[in-house]
Enquirer: 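My questions all concern the structure below.
Because the structure is a prediction, the values reported are computed rather than measured.
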Amino acid sequence: ISVCYDPNANKTAIIFSDDADSDKMKGSVGTISGTSISFAATQTLDNANTRFIDTVFDPDQNQIIIWHQDRYQSDRGDLNVAQIISGNIGVEYVVNGPFGSGTQAQYCRAVYDTNANKVVLLAIDESVGSTAGRGKAIVGTNSGTGMTFGSLATFNVTGTNAEEAQGQFGAAFDSTANKIVVAFKDGRDSNVGKAKVGTISGTSITFGNSTKFNLGTTTEINAVYDSDTDRTFVTFRDDGDSDKGMVNSGQVSGTDIFFSGE
């Protein structure tokens, strides 16, 4: 399930995979009145078998970008761009496989860079070896009726000293530094939690050095940026400390991120 607020329509879209209907992607629009919320009729947005759904609002086109895995297509990542009109949500257009042929997309994350006016799609690509860079990212430009992409990038270190991005990870846009922060578990370094900073230039994204935010086995990672404190908060489960739910806050400086402590 993914929840996305649309400030243009002043409504909230809930996008989900319907287990009772062949895992089709569906959506419903919620309207808040006082302390209550009411929902419009549920709409089918994609008949594919979907999972790992993530959403982000595009304020330039007033659209909701839905990034997900299509299990009918060998687990590739697909993109549905939707819009709330008259209280209901509908798909404006679809992009099949922005990562390219033969790739997979697990634990999808989508963030929108309001400085560059670009969307960044991130996912774990299990179709490549552990030293080949499983953490993938690509920059998209949304015209409202279609999307163009730059080259596919890797957010974890590859080669001899490779990092292996695994499992659920987090991503957020730092609107003060105008950077993307990604936080992930490194399966080749005792499953510790690491984070790094991404910079968009044109239609490309590059990533800086890794910073550890947890030294124990780290799972269930998420990230959100708070503009009031100018910090990215990384939440996670610390399997090395009795599965406690933990948080660490980091601040971006240049192309690095520095954490204050769990």
Side-chain angles (χ1 to χ4, degrees), residues 1-8 10-16 30 32 37 52-60 63-68 105-124 135-137 139-140 155-156 165-186 192-200 205 207-208 210-214 218-238 243-262:
I1 298 174
S2 185
V3 181
C4 186
Y5 176 65
D6 180 339
N8 179 64
N10 197 27
K11 297 181 184 297
T12 298
I14 299 181
I15 313 298
F16 61 97
I32 293 174
I37 187 168
F52 300 127
I53 297 169
D54 199 33
T55 57
V56 68
F57 182 71
D58 175 349
D60 296 298
Q63 293 176 321
I64 295 172
I65 296 172
I66 307 169
W67 173 227
H68 62 95
Q106 297 184 353
Y107 306 101
C108 299
R109 294 293 188 194
V111 295
Y112 197 83
D113 184 329
T114 54
N115 178 63
N117 301 326
K118 308 286 185 185
V119 63
V120 182
L121 307 177
L122 307 100
I124 305 297
K136 301 294 188 182
V139 176
F155 66 73
N156 59 288
Q166 289 185 346
Q168 178 178 304
F169 66 100
F173 173 63
D174 180 332
S175 58
T176 301
N178 292 320
K179 304 287 185 180
I180 305 296
V181 176
V182 58
F184 62 96
K185 178 180 76 172
D186 183 358
V192 304
K194 295 182 178 181
K196 56 180 54 180
V197 174
T199 304
I200 293 177
I205 186 167
F207 292 90
S210 298
T211 301
K212 295 179 182 180
F213 63 84
N214 181 45
T218 311
T219 58
E220 310 302 332
I221 302 166
N222 209 337
V224 64
Y225 177 70
D226 173 23
S227 59
D228 289 334
T229 59
D230 185 26
R231 305 192 75 86
T232 297
F233 288 83
V234 178
T235 60
F236 57 95
R237 188 178 74 190
D238 189 348
D243 295 341
K244 292 176 182 175
M246 306 290 283
V247 62
N248 201 341
S249 66
Q251 192 164 37
V252 171
S253 177
T255 57
D256 295 311
I257 185 169
F258 300 91
F259 285 92
S260 61
E262 298 174 24

Enquirer: With sequence neighbours left out, what residues match Ala171 under side chain to side chain contact (heavy atoms under 4.5 Å, CB included)?
Expert: Arg109, Val111, Leu122
Enquirer: For Ala110, does its backbone N or O pair with a side-chain atom of Asp54 as donor and acceptor, under 3.5 Å?
Expert: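 Pair found, side chain donor or acceptor close to backbone of Ala110.
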Enquirer: Among all residues two or more places apart in sequence or in another chain, which pass the side-chain hydrogen bond (donor to acceptor under 3.5 Å, both in side chains) test with Thr219?
Expert: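 With sequence neighbours excluded, Thr219 shows a side-chain hydrogen bond (donor to acceptor under 3.5 Å, both in side chains) to Arg237, Asp239, given in chain and number order.
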Enquirer: Taking side chain to side chain contact (heavy atoms under 4.5 Å, CB included) as the definition, give me every residue that meets it alongside Ser175, ordered by chain and number, with sequence neighbours left out.
Expert: Phe173, Tyr225, Ser227
Enquirer: What closest approach, in Å, do Lys196 and Ser210 show between heavy atoms, and which atom pair accounts for it?
Expert: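 Scanning both residues, the minimum pair turns out to be CE-OG, 2.9 Å.
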Enquirer: Among all residues two or more places apart in sequence or in another chain, which pass the side chain to side chain contact (heavy atoms under 4.5 Å, CB included) test with Asp60?
Expert: Asp58, Tyr112, Asn117
Enquirer: Just to verify, what does Arg231 make a salt bridge (Lys or Arg N to Asp or Glu O under 4.0 Å) with, not counting sequence neighbours?
Expert: none
Enquirer: Report the distance from atom CD1 of Ile14 to atom CD1 of Ile37, rounding to the nearest 0.5 Å.
Expert: 6.0 Å
Enquirer: What are the two closest non-hydrogen atoms of Val181 and Val252, and how far apart are they?
Expert: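 Scanning both residues completely, I find the closest heavy atoms to be CG2-CG2, 3.7 Å.
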Enquirer: Let me confirm one number: the CZ-OG1 distance from Phe213 to Thr232, rounded to the nearest 0.5 Å.
Expert: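 Output value for this atom pair is 11.5 Å.
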Enquirer: Looking at every non-hydrogen atom in both residues, tell me the closest pair between Ile64 and Ala13 and how far apart they are.
Expert: CD1-CB, 3.7 Å
Enquirer: For Ala105, what residues pass the side chain to side chain contact (heavy atoms under 4.5 Å, CB included) criterion, not counting sequence neighbours?
Expert: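 If we apply the side chain to side chain contact (heavy atoms under 4.5 Å, CB included) test to Ala105, skipping adjacent residues, the hits are Trp67, Cys108, Ala123.
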Enquirer: Can you tell me how far CG of Asn214 sits from CG of Asp238, rounded to the nearest 0.5 angstrom?
Expert: 4.0 Å
Enquirer: Tell me the closest heavy-atom pair linking Ile221 and Ala183, and the distance in Å.
Expert: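 Residues Ile221 and Ala183, closest heavy atoms: CG2-O, 3.6 Å.
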Enquirer: For Gln168, enumerate each residue passing the side-chain hydrogen bond (donor to acceptor under 3.5 Å, both in side chains) test, keeping only those at least two apart in sequence or located in another chain.
Expert: none
Enquirer: Looking at NZ of Lys185 and CG of Asn156, how far apart are the two atoms once the value is rounded to the nearest 0.5 Å?
Expert: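 Nearest 0.5 Å value for the NZ-CG distance: 13.0 Å.
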Enquirer: What residues, two or more places apart in sequence or in another chain, satisfy ring-ring contact (aromatic ring centres under 6.0 Å, His included) together with Tyr107?
Expert: Phe52
Enquirer: Step through the shown structure and confirm whether more than 12 heavy atoms of other residues, nucleotides or ligands are within 6.0 Å of CD1 on Ile32.
Expert: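 Open.
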Enquirer: What pairs meet the salt bridge (charged side-chain N to carboxylate O under 4.0 Å, His left out) rule with one or both residues in residues 220-229, with sequence neighbours excluded?
Expert: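 Qualifying pairs, neighbours excluded: none.
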Enquirer: Please tabulate, one pair per line, all N/O donor-acceptor pairs under 3.5 Å involving side-chain atoms of residues 253-262, not counting sequence neighbours.
Expert:
residue, atom, partner, partner atom, Å
Ser260, OG, Ser249, O, 3.3
Ser260, OG, Ser249, OG, 2.8

Enquirer: With rounding to the nearest 0.5 Å, note down the distance linking OH in Tyr5 to OG1 in Thr12.
Expert: 6.5 Å
Enquirer: About how many Å separate CD of Gln166 and CD1 of Ile124, when rounded to the nearest 0.5 Å?
Expert: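 Rounded to the nearest 0.5 Å, the CD1-CD separation comes out at 8.5 Å.
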Enquirer: With sequence neighbours left out, write down each residue that passes salt bridge (Lys or Arg N to Asp or Glu O under 4.0 Å) with Lys194, or none if nothing qualifies.
Expert: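 For Lys194, the residues satisfying salt bridge (Lys or Arg N to Asp or Glu O under 4.0 Å) (neighbours in sequence not counted) are Glu163, Asp186, Asp189.
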